[in-house]
Amino acid sequence: MPVQLLKISKGKLETQLPSHLQREDLKYMQTGLDHTNKYFQGIVILSYPLIKLGDGTDFFKIVLQDDTCTRINSINILIYGKMAEDCAKLTRNGDTFVVAGFKVAESSTAKEDGRHACHLEVSEENGSAIYICTQPSTSPSEPASASVAPKYVYTPLKCLKDGTVVNLYGIVKFFKPPYISKGTDYCSVVTLVDQSNVKLTCTLFNGNLDSLPKIYKNGDIVRFHRVKIREYNGQMQGITSAGFASLTFDGTVGAPVVPRASSKVYTFIDEEQKIVEELRIWGASNLSVSGPEAKLSNVKPMLFFDLTCQLLGKAKVDGSSFLLKVWDGTKCPYPTWKVPVEAKELEGDKVLLHQLRSLTVDVLVYDNHVQLAKSLKIGSFLRIYSIHTKQASAKNEDASSHIEFHLHGGTCYGRGIGILPENNPDVEELKKFLECVELTDSQNTESVSSLELGDTFDNCTDLESPLQRCQQLSATGMCIFFCYFAVLTDHQDMSNTVLKTVLNSRAPQQYRIRAKLRSFKPQKLYQSVKLHCSKCNTLQEVPDGDAFDVILQGCAATAPNPELQSMSWYESVMWTTQDGKQRKITIHFVKHYEMLQRPENTLLMIEGGTLKEIWKLTRRFKCVIPVKSTEDDLELLDLSAPFLLQGNIKYYGCKQCSTPKTIKNLSSLAEKREPSWEPTEIAQALGIEPLQYVFVMKFTLVDGTGALNAYLFDYEKFFQIPASEILTNSFLQEKMEMTMNTLSPPGRKLDDLPWLECFIKSYNVAGMKHQVYYQIFDTTVAEDVV
DNA sequence: TTAGGTTTAG
């Protein structure tokens with residue numbers, strides 16, 4: 001039978017099937033019966049993500065429902081190889097799916113999923129054929145059921161064709177925040193770029209502000225569904241089509257992959273997380289996304305910049321302009337103009353406006369921005385894009401040297417106003433900073449430098465060694481207010497450098513600094529744990545248990561090879577579960593000098609186990625390696641699954657850098673006098689480049705002379721907690737939380753934060769030579785004061 | 001329909 005994969009319209013189904021094929025009823029689907037010249041037809045009710053098996057074979061599983069009314073009316077279809085890849089692209093829930101030339105095998109999940117006792121295996125090797133009929137009532141990319149993830153195909157930007165409706169991923173290179181168009185809708189213009197370096201400008205319309213993408217800065221990553229592609233002025237252009245939907249993600253490498261959705265119901269599957277992470281990594285080295293952001297303390301005349309701020313007051317000025325009074329906690333170094341307005345027109349807390357008058361600036365917005373500005377709520381957090389600072393005109397004698405803030409009419413260069421949600425990371429950081437300012441005597445706002453410095457700046461001398469100071473002070477319980485970090489003895493000869501000097505120096509250099517931790521990210525500490533490949537230097541999220549479970553279920557279809565049982569260096573035990581599923585489990589215990597070892601020293605391989613069973617084994621045995629049989633040897637599963645489990649820790653390998661070898665390569669380790677079963681040794685023997693668990697955090701440090709963001713990239717040294725253990729150990733989680741609460745006590749004003757001492761090094765990243773980054777190194781939180 | 005990136009000129 002030829003291998004076929006046809007997408008045909010429903011009415012033509014019966015006539016297009018080869019005439020020798022006869023429809024098979026689900027009740028006759030049994031192993032041992034002849035199903036040649038038979039086909040099975042059902043409706044796709046569930047599809048799983050396409051995965052790669054350990055040998056690189058593509059695997060795709062769907063569930064078909066028979067249209068008969070029998071009690072068990074659904075069956076699992078396991079599709080392998082090229083057909084899996086093709087089906088994953090073409091199949092939608094609700095489609096009618098016809099399969100012929102299948103192999104019938106016992107289903108290992110029947111009891112669990114309540115489906116047919118057999119499953120059907122489909123592949124080129126089996127000489128299978130597949131025919132798919134799309135439901136006429138369902139749009140090709142519409143989910144059939146909200147509970148089931150449909151398969152979306154994402155078109156690279158270089159492959160767009162005029163007149164098509166596509167789904168896209170891209171990095172935002174430019175955007176105009178939604179503004180009120182001259183028609184009936186809000187409009188947002190977004191220019192995307194992807195790894196192909198092709199740009200696409202999309203013009204998006206919607207009557208509902210929330211239905212447009214929630215983009216806050218260039219570098220954000222977006223997913224658009226159902227964008228219509230048209231040619232305009234010789235270039236491809238994207239435009240909203242019916243059912244347009246978007247997700248937006250922070251573009252920062254290592255930040256949590258949390259979508260900001262434009263619709264209440266959306267799908268986002270694990271495979272897509274990878275798309276986002278890959279775009280982030282590509283963007284980090286190929287795009288310069290440093291926007292024209294500025295704090296009020298850094299503005300100059302004749303500047304266009306983006307301001308993240310809080311709205312304190314607003315007032316009508318005249319027909320074409322409107323006043324916004326905003327602050328960001330820092331002080332503008334120039335006298336600022338005050339726009340005269342009638343007192344009755346001014347909205348906002350008058351007392352607060354008076355108290356913060358020297359930190360507040362007046363932004364005059366014009367023309368098309370007036371309507372949106374009027375609707376803003378006092379207290380809300382805003383990003384005002386492309387504000388123009390202007391030196392007061394010389395004609396006006398009263399305004400000899402003051403600076404004016406204008407948001408001119410029009411939307412060029414993304415000019416506009418964006419409303420930021422409370423949970424936006426920049427807003428969280430700003431709120432924390434503003435709280436510090438508010439808690440300080442806000443009448444004394446003439447000198448903001450004293451607010452930022454804090455008056456404890458001179459309380460601590462640098463003469464003693466920080467370590468000594470910690471030891472002395474910990475005895476009195478004062479250490480946390482004074483000095484918290486113990487620096488390592490390697491660099492005791494290094495003297496402290498103030499942040500202003502650090503910020504004004506070229507990279508790369510190393511410094512010892514003394515600063516306060518104003519804020520840190522991520523706030524949810526578990527989000528700071530990532531997996532790092534030291535070879536290709538990529539970071540990725542730690543996979544969740546569900547992904548592992550899906551892979552294990554996929555492998556359950558592969559029967560253990562009897563020829564691989566009990567080889568010279570391992571002893572195998574195989575049994576079939578008696579729970580009705582008839583699942584075959586094989587455990588291969590590695591021997592030492594032909595003897596089985598005590599469980600706590602034993603490495604074992606398991607075939608056909610469930611997640612729960614594997615966890616149970618890790619409690620008893622030293623190492624567990626999930627494997628499956630091939631013709632010649634046992635081999636590892638897909639590298640999305642851990643290649644090794646030891647205690648509570650799942651060890652993963654880098655998909656890009658590993659070249660997995662079969663299990664017999666472990667036998668040389670077993671022959672060692674005392675096998676240590678170190679994960680690195682096991683990885684090396686199996687051709688795996690191991691991923692390391694790492695804490696990745698961003699610390700905002702201040703010392704009164706300046707502020708900088710320093711990255712913490714730490715396996716264990718900083719917190720004295722292995723990053724590999726934190727996700728499964730609640731005691732360590734509490735310890736880390738306590739540490740962070742002590743370093744940066746919530747609700748404490750800047751003056752009362754403890755001083756910290758640490759080492760930082762500055763560096764440049766290729767392609768972004770003018771940008772300097774900072775990383776904490778060789779620093780450990782002093783254990784005796786935690 | 002609207003806008004279709006590339007600064008107002010108050």
Side-chain angles (χ1 to χ4, degrees), chain A residues 157 160 162 170-193 198-209 211-213 215 217-220 222 224 227-242 244 287-289 291-294 299-307 315-324 337-341 362-373 384-396 399 402-418:
Chain A
L157 299 184
L160 298 173
D162 184 24
I171 307 181
V172 176
K173 195 172 164 56
F174 166 82
F175 73 106
K176 292 185 176 184
Y179 59 94
I180 299 161
S181 76
K182 287 177 183 154
T184 58
D185 292 328
Y186 286 96
C187 176
S188 181
V189 175
V190 184
T191 301
L192 304 181
V193 63
V198 169
K199 284 193 288 180
L200 177 77
T201 299
C202 301
T203 312
L204 312 172
F205 297 103
N206 203 296
N208 178 3
L209 190 62
S211 297
L212 289 170
I215 298 166
K217 50 170 74 167
N218 290 336
D220 278 354
V222 292
F224 290 167
V227 186
K228 189 169 181 186
I229 303 299
R230 292 196 312 206
E231 199 180 312
Y232 177 77
N233 280 349
Q235 284 195 313
M236 289 303 165
Q237 174 198 55
I239 192 156
T240 33
S241 78
F244 171 83
L287 288 181
S288 166
V289 289
E293 287 174 45
V299 299
K300 296 179 195 116
M302 298 302 286
L303 185 75
F304 286 93
F305 72 103
D306 297 346
L307 178 68
K316 184 186 161 196
V317 178
D318 58 38
S320 67
S321 65
F322 195 82
L323 171 65
L324 299 177
W337 73 329
K338 295 295 169 192
V339 179
V341 289
D362 284 9
V363 181
L364 201 55
V365 312
Y366 295 91
D367 307 337
N368 56 313
H369 308 298
V370 170
Q371 198 181 340
L372 184 70
I384 309 180
Y385 299 93
S386 211
I387 294 186
H388 186 200
T389 53
K390 195 179 156 195
Q391 192 93 41
S393 102
K395 280 182 263 172
N396 186 344
H402 77 218
I403 195 169
E404 302 176 352
F405 296 85
H406 299 268
L407 184 72
H408 298 294
T411 60
C412 289
Y413 274 85
R415 198 183 305 128
I417 303 171

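Chain A is the first sequence line, chain B the second, and so forth, proteins listed ahead of strands; every chain is numbered from 1.
A glycosidic torsion no more than 90° from 0 defines the syn conformation, and B:dT6 adopts it.
Within 4.0 Å of A:Thr184, counting heavy atoms only, lies at least one base atom of the nucleic acid. Across all strands, A:Tyr385 comes closer than 4.0 Å to no nucleic acid atom at all (heavy-atom distances). Among the atoms of the strands shown, base atoms are found under 4.0 Å from some heavy atom of A:Ile239.
Scanning for side chain to side chain donor-acceptor pair (under 3.5 Å) contacts around A:Thr191 gives A:Thr201, with sequence neighbours left out. Scanning for side chain to side chain donor-acceptor pair (under 3.5 Å) contacts around A:His406 gives A:Tyr366, A:Glu404, with sequence neighbours left out. Residues forming a side chain to side chain donor-acceptor pair (under 3.5 Å) with A:Lys316 (at least two apart in sequence, or on another chain): none. For A:Ser181, there are no side chain to side chain donor-acceptor pair (under 3.5 Å) partners, not counting sequence neighbours.
Under the 4.5 Å side-chain criterion, counting only non-hydrogen atoms from C-beta, A:Tyr179 is not in contact with A:Leu372.
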Contacts under 3.5 angstrom, residues 231-242 of chain A side chains, donor-acceptor by atom type, not counting sequence neighbours:
from: A:Thr240; atom 1: OG1; to: A:Phe205; atom 2: N; distance (Å): 3.2
from: A:Ser241; atom 1: OG; to: A:Arg226; atom 2: O; distance (Å): 2.8

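Atom CG of A:Leu200 and atom P of B:dA3 are 19 Å apart (whole Å).
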Exercise. Go along nucleotides 5-10 of chain B 5' to 3' and tag each nucleotide: B for a protein heavy atom under 4.0 Å from its base, S when only backbone or sugar atoms are that close, - otherwise.
Key: BSBB-B

